[in-house]
Every structure is written in C-alpha cells, then in structure tokens.
Student: 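Right, I'll just put the structure down here and ask away after.
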Amino acid sequence: MNGSVDETSVVSSEGWTIIHIPEKPPVLPHLQDTVEVLASAIEPKHADTIVRKLNHIAPLEGLRHVKRIRKTCLDGGKSQLFVILCLASGNDGDSNFVPEDVLELANTYQLSTFTTKVCKHAASTKEEWEEQCKLWPTSFHPPTYNIDGITGFSEEDSSAVFNFMKLAVCLAKSGTSVVNAAVIVDPSSRQVVASSCDQVLSCYAPRENTSKGSCSSNQAEGSSEVVKASNEAKQSYKDVCCLHPWGWLEQQSQVGPDSWHPLRHAAIVAIENSAARDRLLFPVSGQSPDFSQEDYKVFSPPHSSLKRQKINTNVKHDERMDHHRNDLLCDSTRPYLCTGYDIYFVWEPCIMCAMAIVHQRIRRVFYTFPNPNDGALGSVHRLQGERSLNHHYAVFRVSLPEEILKSEALATASKID
Amino acid sequence: MDSSVEETVPETESVAFMKLALEQAKLALDSLEVPVGCVIIKGQKVISSGRNRTTETRNATRHAEMEAIDVLLEQWQKDGLTREEVALKFSKCTLYVTCEPCIMCAAALSIIGIKEVYYGCANDKFGGCGSILSLHTNSSRKVTCSGISKRKEFKCTGGIMASEAIALLRSFYEQGNPNAPKPHRTLVPRV
C-alpha cells in the first residue's frame, strides 16, 4: 500500500499491460502548489494549549493534510517548535487579514509571527510527500479505494481483464468500419452484462444483415470493409464516435443513414442494454409482465454478438428461475444500476460517455487507446479527479501489442475466406 | 446568481418557458423521480419536452434533456429529414431546463449543436455549464485539428426561477430518494 498508484501496472507475458490512470495528472514533486501561512516559534510547554485553541479559533480548512506543528532540530541537540497560526491571507485574499482571536493569542504568548509556505494539496505519492515535508510537514495517506485489485491485479484478474478487452476490440472491428465498443462486465461472476458498438449511424431498427457486433462474422458483404479497415489501421478512425463527437454529420454510413442518432455512442447504448436487462431480471412488483417484455424488445440491442447473447440468455434464464423460486430476489439481490461493474472501451471515452458511466455507478474503467480529441479520463479532462462528483471510478489503460487490432481483423477476415 | 433578478426584471418570455419546464419537473416529482424538467423551443413554440426518468428506466443517463432530444430525433427522422436538416434545426433551438445541465448533458447539447440554454438553479455537483466544467464554451478545451468537426459552443444563462427549481429538488430529497442504494444515508436538503 505504500507505493504510489501511478506506478501500479501489471505486465503479462504477451505484452499486455494494465496501467492505473491516477486522479491527478502527475506533477513534479517540487512543482506543487503552495499557500502562505502565518507561523510562529512557540515554547514546548505551551504547545498543547496553543494548538487546542488554534484548532478552535482558526481551523485549517482545506489544509487538513498540513501538520499544525513543525519541529526542527537546532545545534546542540535542542529542538524548536513552530506552529501555524492561520492562513496568511483571509477569504477575500486580504493579505493583512488576521482573525482577532489569533492576534489575541499571539499577544498572550508574545509570539513573533512570520510568513511561510505550505503545500496546498495533499500528496498523492510518497515522492510528493517527501518533497512537501521539506517546506512544512504534512501527513500522507496512500490512496485507498474500496476496489479490489487497485493495487495490483492477480494473474487471474489480469487475464480476465485482457480477455474482456479482446472482446471489446473484437466488437469494435466486427462491423463495416472500426468504431468504439463498450463491454460492461460483472467482475464477481466474470460475465458480460451488456455491450455495444457505436450506433450513431445505425440504431433503432435491427438490421440482421449488417452483422455488426458479431466476432465470428461470416457475412460476406462486410468482409471487404473489415480487411480495408485493417489495412488502414493508422487512419483517423473517423467513425469512432468518442474520437469525433461532433463528426456525426460527416461520418459515412456503409448501410445508408436511414437510422442514426448523434448521441448513441457505445457506452450510452451499453448502459441502455444493461438497464433493459435489469428491468427484465428484476421486474418491479405489480408491474405487468407484458410491460417489461415489450420494454425489452424496444431496448434490445440490434447488433448484439451471437456469443454475447448466448451468455446473456444463460444468465437471464438462471436468474429468472431463481426469481420464480424466490420472490424476495428483487429486493435482496437487485443491483443498483451498475454498482460493482467494470466497463471496457477500446478508445478512451469522450466527456459525455465518461459522465454517463459516473451516473450509472461503474466501478472500474478500462480503455486501450487514449483519445486526444475529447478523452475525459486523462487526455483532455480527468473526470476521475473531479471531487465534487457523487461517485468515482478507478481508471486503467490496458495497453496491448500494437498489432492486435490488425491481427484480430485478419483473423476475422481469414475465417470469412 | 441573484435569485431576486427574476422578480425585478420582467423577463416574461424566459419565465414563461421556464414555467413549462418546471411543470415537467413536477411530473417527475409525482413519479418519484429527481424533479428536473425541460422544454425545447423553436420559433417561440414548444417543440419538445422531457423530464427525468432515471428511476423508471433504471438508466441513470435518462435525464430530462436526453428525453427531450430523443423526442425530436425520432420525430424528425420519421419526417424523413436528413442529418444536415436536423443539425440545422437544432441550431435554431433553445432549451429551458430547471437545473444546470450535468456534464453529460452539456456535452450532448454541444454535440447536437443547440443554439442556447437557459437553466434554473446551478448544479454544484455535476454542472457542465460553468459549475464543474464549462462545456458550453471552447475556451477551456483543446482547439480541434483541421479536418475534424469543431466542437460547438452554445450560449448559456442561469438563474431563471432558480428558487422554484430548488424548492422542487428540496421536496424530493426530503421525501427520500427511493432509488438510492441501501442502506439509505440520512437525507438532508442539499441544495
């Protein structure tokens, strides 16, 4: 637990790596933000009383990581105590502002004050903390998460991560052009809960003949496009919605733009599918079965992979059986949105999708390719570091061998031949 | 944001449309949903409305704005409009929503290219139009490279009937969020 989180990475023998994307962009330890505080030397015998009074009259709001007292060693083995009285500037930035109570305390103990700097933010790594303490001592709590695996993935866990990412890559390449894909996984059962590709240019009406989403596609009409896509692996991936959220007007549809929706990015549709599954597995008591069935039809994924549907059907079947056996299932085991679930993206999600998965309470996010245009998990924004949000997920980049995209496509193509 | 503004300045039009958005929010409250509602206006006419449906759908992305946008996309496609025509229509639309669009909705509104947004109360936890992020402006974001469609800005004005919007949210959180994970936290008005 002592290691810094941004060093957390797991490398597999095949060249796959899991890298944690921390909540703050890495800063050089000596370039941390500081604030000025008013401090004074104090007599050790008064230390307890003064600190108690100061905590009452001038609590260090927003600087809880900063220690109130600093002890420095003087020549001859003696030590000297210093205390932080208050911030050097008041709330209004008025540099002469010192609370009256603090002035009174300073007079009582005949303190001679001076201004010094402390670090503004709590250290997120041991290196940052060591640097902070050179200015003024702070406390350091290595980041803790109620998330298994944040400080290292077991071999079993990481191989599951790699496999789910492979599934996402496979989905992303399974249509007529390379798009983004999102796979929502329940890591406790290692089962796919829902998945989808981008559907900005193909939604609503299921079109069986496009075979988008099928990993083992044998649809001849799509094959030439898949090969083409793999040959142009370095292209700008113009159909990847999160890379080009504003490009929905220009994106070329292979199947004719008879149905389209600028907001149906992979994550949005995957969330919709998982919500539909939730409503089907855990119908609200008193709700007519017709309603939930019909509901599911409307929301059922039009381009779902055959493989995935099989998994889902099994889950549905088992859990529905359980449901019939035990009517209490609804309340006791019904998940709250996607609490505890992971999501896999091929491309780092855009800000819309990144916020959507905050709302849906996703636990961990894995993506492979950074998104320099609108990436919200480290590239342009860093949503996992927005403390005001009511939910936070951990973010990991799964770096995979460069040739994976290409080889997966060729594998698909060779099957077709 | 001075809540007294709406009483002193006769912003009749924006107040009238915001009242319609508040009606949508009340519908949400009646259905035990977080009470946020909106209307979309084009040429002085209400062409769409929406309210939160996150509890009913168990899909936490079904915010009022997303509902209202979907109504239009479905209608316009049924009418056989092309993507270009739809984009042109959105660029003439104004949204009135009772609470500042969240980060997701602000991004969505930019993607569809809405012209203008008026909101009631600010959203200091998830607001995407100034509170947490400012997705309605280009200033804080990277300039796009050539050849890629540019991100779109929209004009955004807050504080229209904010106290009414807050009152609705407060009554919701006082009655308790039935959709919250168990065990419930003690619910306190947070706005």
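In what follows, every chain begins at residue 1, and chains take the letters A, B, ... in the order their sequences are listed. None of the values given here were measured: they were computed from a predicted structure.
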Student: So, do Glu33(B) and Glu56(B) sit near enough that their side-chain heavy atoms are less than 4.5 Å apart?
Tutor: yes

Student: Ring-plane angle category for Tyr96(B) and Phe17(B), please: parallel below 30°, perpendicular beyond 60°, tilted otherwise.
Tutor: tilted

Student: Going by side chain to side chain contact (heavy atoms under 4.5 Å, CB included), Met18(B) matches just one of Val97(B), Val39(B), Ile160(B). Which one?
Tutor: Ile160(B)

Student: Heavy-atom distance under 4.5 Å to chain B: side chain of Leu383(A), backbone, both or neither?
Tutor: side chain

Student: Do you know which of Ala87(B), Gly128(B), Gly80(B) has the most heavy-atom pairs under 4.5 Å to chain A?
Tutor: Ala87(B)

Student: Tell me whether the centres of the aromatic rings in His63(B) and His359(A) are closer together than 6.0 Å.
Tutor: yes

Student: Give, as side chain, backbone, both or neither, the part of Leu81(B) having an atom under 4.5 angstrom from any heavy atom of chain A.
Tutor: backbone

Student: Does any backbone or side-chain atom of Gln360(A) lie under 4.5 Å from a heavy atom of chain B? Answer side chain, backbone, both or neither.
Tutor: both

Student: I need the residue from Pro245(A), Cys338(A), Ala376(A), Ala354(A) with the largest number of non-hydrogen atom pairs under 4.5 Å to chain B.
Tutor: Pro245(A)

Student: For Cys105(B), is it the side chain, the backbone, both, or neither that has a heavy atom closer than 4.5 Å to a heavy atom of chain A?
Tutor: neither

Student: Between Leu389(A) and chain B, with a heavy-atom cut-off of 4.5 Å, which part of the residue counts as in contact: side chain, backbone, both or neither?
Tutor: both

Student: Please look at Thr82(B) and chain A and tell me whether the side chain, the backbone, both or neither of the residue comes under 4.5 angstrom of a heavy atom of that chain.
Tutor: backbone

Student: Is there side-chain contact between Ile21(A) and Gln384(A), with heavy atoms separated by less than 4.5 Å?
Tutor: yes

Student: Does the side chain of Pro349(A) reach to within under 4.5 Å of the side chain of Leu377(A), using non-hydrogen atoms?
Tutor: yes

